Amino acid sequence: MAVTDFEQAFREKIDNEIKIEPKDWMPDAYRKTNIRQISQHAHSEIVGMLPEGNWISRAPSLKRKAILLAKVQDEGGHGLYLYSAAETLGTSRDEMIADLHSGKAKYSSIFNYPSLTWADMGAIGWLVDGAAILNQVMLCRTSYGPYARAMVRICKEESFHQRQGFETLLVLSRGSAEQKAMCQDAINRWWWPSLMMFGPKDSESTNSDQSMKWKIKRKTNDELRQQFVDMIAEQIKVLGMTLPDADLKWNATRNHYDFGEINWEEFWNVVKGNGPCNIQRLNARRKAHDEGQWVRDAALAYAEKKRAREQKEAAA
Amino acid sequence: MMNADNNLVNYLLHLADTTLILSQRNSEWCGHGPVLEQDIALTNIALDLLGQSRNFYQYAAIVSGNNHTEDTLAYLRTEREYKNLLLTEQPNGDWAQTILRQYLFSQFQYLYFEQLQYSADTQIAAITAKALKEIKYHVRWSSEWVIRLGDGTEESKVRMNAAIITLWPYTGEMFMPASYEQTIAFRGIGYDCSELKEIWQQKVKTIFEEATLIVPEKVFMQTGGKNGTHTENMGYILTELQYVQRAYPNCEW
């Protein structure tokens with residue numbers, strides 16, 4: 001078959017909602033886009049362990065500690081599935097991690113914000129996981145099979161995390177004056193960065209168009225962001241808290257909430273590495289990797305010795 | 001805790017504190033492990049230990065009365081009231097030290113809970129029987145790592161030997177019963193931990209031999225954890241653990 005025939009077959013699969021599988025022919029750019037997106041997603045899970053991991057030792061009750069520990073562990077698990085999904089496209093976890101550590105690969109900018117109080121554990125669960133879920137629910141139908149299947153599994157756990165985050169805030173919102181203030185403060189700090197999670201405006205998004213055509217993405221950044229605002233603007237009423245946006249109001253004509261302008265200068269600065277914790281997050285990942293080198297070396301050396309001994313015994 | 005069965009309460013607190021503090025230490029690794037799979041595995045052990053500690057605290061709260069809950073017991077007692085083994089409060093150090101601490105403890109805990117599952121106290125019997133399934137995995141995972149690191153590279157062996165020197169003095173306490181333990185053992189609720197010393201040594205020796213490591217001899221043993229006399233680590237652990245509860249008293253979380 002000529003390349004054009006392969007392209008035709010690929011196009012037909014996409015059009016007919018048949019998943020693209022690892023051994024199928026695919027355009028190089030489709031492969032690269034998926035590697036970029038899936039590895040970025042995997043890195044986000046791993047770097048995302050840090051702001052929440054920050055509160056495990058200080059969780060205010062044993063039950064909350066158990067929930068948080070399990071949640072952060074789940075994120076590690078999500079990172080594993082996603083690295084495996086990306087590996088089906090011909091890259092390796094080592095390469096992906098090297099790209100993360102060199103700054104070549106990105107991760108979700110939201111994790112470059114600090115987790116300052118216990119209420120942040122609630123706000124991250126509710127807002128950050130809430131925003132992530134909208135994206136991930138869409139990705140359950142993404143055109144690359146291994147990615148879509150990893151997402152189905154991840155979504156189940158994520159929606160559980162979001163409910164736990166909301167419930168953490170609900171308890172605070174019904175608590176002492178200090179707890180209420182802590183709750184509102186966390187919402188104030190995490191609201192705008194959560195809106196930024198959906199990426200640049202559609203008019204500015206360089207990768208969006210092609211990804212929509214390939215059905216890697218099925219909703220635009222702005223569509224997902226609107227869906228998120230509409231959802232949270234209702235849920236916050238249950239908490240009796242407010243969102244820090246004077247322009248937020250229901251628009252009956254559009255049947256959506258209107259909301260204020262995102263600070264795009266902040267957005268691009270955090271993307272470029274100038275957020276409050278970019279340096280700390282990457283350094284923490286590099287440190288774990290570097291200090292783990294001797295452990296990985298020892299495991300490898302032992303496995304080789306063991307194999308050699310077994311071969312010798314088999315030969316004897 | 002007057003009028004309550006003080007020996008039983010102290011015994012339960014000893015079991016609860018030991019598992020909580022080791023869980024707290026292990027969870028410091030979460031997100032920082034040397035390999036993602038092992039980060040997840042150690043967090044899993046931290047979760048198991050936390051679950052065990054909660055079972056013991058909840059039962060201790062019932063036995064002690066006084067409106068105690070698992071959280072008042074964990075969050076509102078001071079370092080002189082904590083009764084955990086000194087071994088569990090030792091710093092994580094490097095991966096070798098964390099692994100060895102886990103193995104030395106899990107190997108003991110397995111043998112000990114094997115006996116406690118037949119406790120005359122049905123609650124303790126149920127908690128320990130359930131925990132045994134988890135501990136069996138902890139022993140396997142940690143002993144495999146002891147072997148891998150001992151018989152891995154030159155560097156990993158040096159690190160394992162350093163960990164042995166650091167941690168060994170805290171192993172003796174496991175086999176020296178506190179007075180509340182003796183009373184509880186006598187009542188058929190607990191078990192005389194000194195009886196387990198020999199078999200624990202044999203088990204450790206077998207693993208160390210496979211790991212090409214040497215079991216230290218004639219080491220002077222540190223004691224005191226079971227009666228609330230800890231190493232200097234303890235205050236810092238509780239400072240972190242209890243921070244929110246101490247800063248905002250009498251709140252629901």
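From a predicted model like this one, the values you see are computed outputs, not experimental measurements. Letters A, B, ... mirror the listed sequences (proteins, then strands); counts begin at 1.
- Note that CG of B:L36 and CD1 of A:I97 are 7.5 Å apart. Values are rounded to the nearest 0.5 Å.
- Taking the side-chain contact (heavy atoms from CB on, under 4.5 Å) definition, one finds that A:V238 meets it with A:F166, A:L170, sequence neighbours left out.
- For A:L50, the part lying under 4.5 angstrom from a heavy atom of chain B is the side chain only.
- Neither the backbone nor the side chain of B:A247 comes within less than 4.5 Å of any heavy atom in chain A.
- For the options B:I147, B:I99, B:V35, B:I237, heavy-atom pairs under 4.5 Å to chain A are most numerous at B:I147.
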Would you list the atom pairs in which one atom of chain B and one of chain A form a donor-acceptor pair under 3.5 Å?
unit_1	atom_1	unit_2	atom_2	d
B:Q24	OE1	A:K65	NZ	2.7
B:Q24	NE2	A:S57	O	2.9
B:G31	O	A:R285	NH1	2.6
B:P34	O	A:R296	NH1	2.8
B:E37	OE1	A:R93	NH1	3.1
B:E37	OE1	A:R93	NH2	3.3
B:E37	OE2	A:R93	NH2	2.4
B:I40	O	A:Q73	NE2	3.1
B:N44	OD1	A:Q73	NE2	3.2
B:D71	OD1	A:L62	N	2.9
B:Y75	OH	A:A59	O	2.7
B:Y75	OH	A:S61	N	3.2
B:Y75	OH	A:S61	O	3.2
B:D151	O	A:K305	NZ	2.9
B:D151	OD1	A:K305	NZ	3.2
B:D151	OD2	A:R309	NH2	3.2
B:G152	O	A:K305	NZ	3.0
B:E240	OE1	A:S57	OG	2.4
B:Q245	NE2	A:P60	O	2.7
B:E252	O	A:Q179	NE2	2.7
B:W253	O	A:R64	NE	2.5
B:W253	O	A:R64	NH2	3.2

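- Atom CG of A:L116 is surrounded by more than 12 heavy atoms from other residues, nucleotides or ligands within 6.0 Å.
- Taking the ring-ring contact (aromatic ring centres under 6.0 Å, His included) definition, one finds that B:F208 meets it with nothing, sequence neighbours left out.
- Counting heavy atoms of neighbouring residues, nucleotides and ligands inside a 6.0 Å radius, atom CD1 of A:I279 does not exceed 12 of them.
- In this structure, the portion of A:I46 lying under 4.5 Å from any heavy atom of chain B is its side chain and not its backbone.
- Most heavy-atom pairs under 4.5 Å with chain B: of the set A:G53, A:G175, A:A299, this distinction falls to A:A299.
- For B:R140, there are no side-chain hydrogen bond (donor to acceptor under 3.5 Å, both in side chains) partners, not counting sequence neighbours.
- If you measure heavy-atom distances from B:L47 to chain A, the contacts under 4.5 Å come from both the backbone and the side chain.
- Only the side chain of B:A74 has a heavy atom closer than 4.5 Å to any heavy atom of chain A.
- Taking both residues in full, the closest heavy atoms of B:A46 and A:L69 are given as CB-CD2, 3.9 Å, listed atom of the first, atom of the second, then distance.
- Of the listed residues (A:V171, A:L80, A:L300, A:I56), the one with the most heavy-atom contacts under 4.5 Å to chain B is A:L80.
- Residue with the most contacts toward chain B among A:A70, A:G122, A:G48: A:A70 (heavy-atom pairs, distance under 4.5 Å).
- Here the shortest heavy-atom pairing between B:C30 and A:V72 reads SG-CG1, 3.4 Å.
- For B:L20, the part lying near chain A is the side chain, with the backbone staying farther off; criterion is any non-hydrogen pair under 4.5 Å.
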